[in-house]
Number of protein chains: 2
Amino acid sequence: MDAEKVRRAPSIRDVAKLAGVSHQTVSRVLNDSPSIKPATKQRVLDVMNEVGYRPNRAARALVTSRSNTIGILTAQTTAHYGPTTSVNAIQVAAREAGYMVSTTSISSLSPEGIIEGLEHLVEQSIEGLVVIAPQERVFDAIRSLSIRVPLVTLDALGTDAARSLSVDQIAGARMATRHLIELGHRDIVHVAGPRDWTEAEGRMRGFLDEMRSADLSLIPPVLGDWTAQFGYHAGKELAGFRDFTAVFAANDQMALGILHAFAEAGIRVPEEVSVVGFDDIPEAAHFWPPLTTVRQDFAELGRRAVALLLSELAGESDLDHAAVRPELIVRRSTAPPRGGRS
Amino acid sequence: MDAEKVRRAPSIRDVAKLAGVSHQTVSRVLNDSPSIKPATKQRVLDVMNEVGYRPNRAARALVTSRSNTIGILTAQTTAHYGPTTSVNAIQVAAREAGYMVSTTSISSLSPEGIIEGLEHLVEQSIEGLVVIAPQERVFDAIRSLSIRVPLVTLDALGTDAARSLSVDQIAGARMATRHLIELGHRDIVHVAGPRDWTEAEGRMRGFLDEMRSADLSLIPPVLGDWTAQFGYHAGKELAGFRDFTAVFAANDQMALGILHAFAEAGIRVPEEVSVVGFDDIPEAAHFWPPLTTVRQDFAELGRRAVALLLSELAGESDLDHAAVRPELIVRRSTAPPRGGRS
DNA sequence: GTTCGAAATGTGAACGTGCACATCGACGAT
DNA sequence: ATCGTCGATGTGCACGTTCACATTTCGAAC
């Protein structure tokens with residue numbers, strides 16, 4: 001009513017005065033403390049509503065030394081489907097739990113770039129951190145900064161620096177490989193992801209495990225960079241050799257590039273060569289031919305990351321943290337090999 | 001040295017004591033005030049380093065009532081390539097300018113969902129807001145909340161509620177359409193985006209403008225939802241009619257679905273029907289056939305959004321805010337029509 | 001040596017909230 | 001009637017920083 005002063009947001013003291021109570025009572029209403037008379041509570045709430053009171057986060061953070069914020073560190077690769085989906089899920093889950101989310105994407109994968117990004121997050125006194133940049137050097141940076149907040153990593157193999165949460169990459173890769181073997185393929189080539197990505201490592205391991213247990217001889221894998229562009233070049237290269245009947249690409253984008261190269265070279269998929277991808281991006285169902293691939297539930301992963309973080313913040317650090325099982329999606333890019341050896 | 005107390009982060013007073021100066025002097029070092037003797041400054045910096053001092057953001061925010069944070073509101077559609085790329089660019093640019101970024105993705109496009117997301121951001125007392133959810137109802141929500149911070153919108157047509165920044169959708173759509181017309185197509189069908197997306201609206205408008213100025217008769221456009229899935233169904237439908245020789249899809253994903261449907265129906269692209277997309281996602285170059293499309297520089301858009309926001313925060317609200325020009329990328333999904341009328 | 005102004009530094013209060021503790025009143029048991 | 005207990009509310013301070021203003025220091029000019 002008598003707001004003759006300049007524009008200053010109303011504080012709990014203003015509300016208190018208008019409601020005829022002490023500021024502490026208002027504070028109690030805010031944190032809904034048990035011992036408060038319903039009538040006073042209502043009166044305070046009414047006043048708040050009337051004057052448009054909004055709690056000041058900074059003041060609260062200062063006194064409680066809790067920021068109510070969790071940080072996300074992502075590689076720029078978030079332009080990829082999976083990480084983005086996870087990030088979205090994290091944001092929604094965090095908001096539901098009353099947390100804010102501060103995201104930082106690191107522009108370069110150099111140690112300086114990584115450290116800069118981490119510093120930026122740490123300075124915000126985040127309470128928890130989710131890392132979606134599963135490269136070893138990122139973990140090195142984390143260790144070197146000795147970050148002391150709960151930390152969850154997505155899509156990585158268990159690294160000691162962090163609690164990691166992931167779709168079981170090895171199992172997924174084994175499914176894909178076994179599918180090809182069961183169709184009768186014996187000469188399978190793997191187009192892998194970059195060496196220092198733990199996801200790439202996991203998929204490679206699964207592939208190798210399955211090949212070994214089927215006692216098949218190995219064609220040296222090709223190391224790629226996840227892009228369709230690379231897949232295309234690798235595919236052109238491979239088209240020259242033809243010492244294989246199936247390709248297992250470490251992600252759908254590279255698979256797409258490979259399909260492109262094969263189409264150009266006149267190699268028919270799946271009649272002459274089968275191709276399998278990984279991730280099941282929404283577009284994969286509409287590649288030509290529609291891609292057989294391994295589906296990962298990225299959103300579920302994001303939600304679990306938040307759950308894990310919150311439980312750790314609450315001190316109950318023994319939540320379910322098993323790997324999420326992937327799922328094989330068979331479409332039309334795989335078929336038995338021509339000469340059907342097996 | 002004598003940190004016998006519990007773990008409490010050192011404050012400027014602690015630093016001051018150790019350096020033998022007043023807390024205000026330390027504060028001056030922090031904000032590098034001009035009048036401070038280099039020697040004392042160095043001494044203070046040394047102590048800071050030694051005790052691992054980190055400024056407390058909350059305290060600073062409380063007293064200055066500035067949060068140093070900008071908010072991003074995105075639709076879940078951020079799983080799409082464009083928005084994600086822009087978000088990343090915003091994060092990098094904001095960090096360079098010393099700002100934090102708090103992102104909220106709205107889970108549902110219902111009015112409640114939108115308002116909930118906005119409230120969540122406003123409660124963090126953000127200093128500026130970038131909205132990447134160019135639906136009219138989002139702007140309605142913004143208006144209804146009478147948000148009072150600088151606001152920039154991406155990918156939208158000029159809406160009065162906000163300063164908008166965009167790639168010129170109309171020009172892009174005209175380029176795509178003109179390309180088809182110049183090849184000799186006369187019967188072109190447009191598979192559009194959802195009605196209340198301003199981007200979809202812009203592309204539709206550009207298409208209609210160009211068709212009218214070439215004096216061509218119109219096939220009623222199909223209204224889609226941006227997904228490859230929809231494109232596929234629309235493509236199957238269209239395959240039955242064949243009263244067109246070219247399709248202009250409002251984005252690359254839908255174009256992909258259309259290619260899929262046509263491949264299944266045995267319609268050869270581009271020999272029988274030409275297809276054009278929009279966005280130039282990295283995969284578009286590897287569709288089969290490689291897709292002719294309109295490239296947008298999403299990262300540039302993100303950077304400009306931050307620049308615009310910062311200039312507005314600084315009071316100089318007259319920065320360049322012209323539309324970014326898109327670029328036509330001709331690949332192999334377009335060719336002259338069979339009967340070559342023109 | 002005195003004076004003066006500018007440079008360098010110090011002092012105290014404020015920002016808005018939560019915490020620890022104090023106070024007040026009512027009600028039941030003795 | 002007295003005391004203790006418990007529910008409901010109030011009081012004062014602390015959090016770590018910046019701001020406005022006060023004070024000291026220093027060098028140069030007289």
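Below, chain A is the first sequence line, B the second, and so on; all start at residue 1.
- The six-membered or imidazole ring of B:Y81 lies near that of B:F298, with a centre-to-centre distance under 6.0 Å.
- On the nucleic acid side, DNA chain C has its first and last nucleotide under 4.0 Å of a heavy atom of chain B at C:dA8 to C:dG16, going 5' to 3'.
- Scanning for side-chain contact (heavy atoms from CB on, under 4.5 Å) contacts around A:L121 gives A:L73, A:S102, A:T104, A:Q124, A:I126, A:L129, with sequence neighbours left out.
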Problem set entry | Protein proximity profile, nucleotides 11-17 of chain D - base contact B, sugar-phosphate-only contact S, no contact -, cut-off 4.0 Å on heavy atoms | BBB-BBB
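- Residues that satisfy the side-chain contact (heavy atoms from CB on, under 4.5 Å) test with A:S144, not counting sequence neighbours, are A:I115.
- By the salt bridge (charged side-chain N to carboxylate O under 4.0 Å, His left out) test, A:R303 is found to be paired with A:E300, residues two or more places apart in sequence or in another chain being considered.
- Separation of atoms CZ (A:R60) and CG (B:L62) is listed at 13.0 Å; rounding is to 0.5 Å.
- The side-chain contact (heavy atoms from CB on, under 4.5 Å) test applied to B:T25 returns B:V21, B:S22, B:I36, not counting sequence neighbours.
- By the salt bridge (charged side-chain N to carboxylate O under 4.0 Å, His left out) test, B:D140 is found to be paired with B:R143, residues two or more places apart in sequence or in another chain being considered.
- Between B:A141 and B:I114, the shortest heavy-atom distance links the atoms CB-CG2, 3.5 Å.
- With sequence neighbours left out, the salt bridge (charged side-chain N to carboxylate O under 4.0 Å, His left out) criterion links A:R13 to no other residue.
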Report each atom pair, protein N/O against N/O of nucleotides 4-8 of chain D, whose distance is under 3.5 angstrom.
none

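- Contacts of B:V306 classified as side-chain contact (heavy atoms from CB on, under 4.5 Å), with partners at least two apart in sequence or in another chain: B:I90, B:A93, B:L310.
- Rounded to 10°, the helix from C:dG1-D:dC30 to C:dT30-D:dA1 has 60° between the axis fitted to its first five pairs and the one fitted to its last five.
- Every residue was checked against the salt bridge (charged side-chain N to carboxylate O under 4.0 Å, His left out) condition with B:D297, not counting sequence neighbours, and none meets it.
- Contact annotation: the side chain of A:I70 never approaches that of A:M100 to less than 4.5 Å [non-hydrogen atoms, C-beta and beyond].
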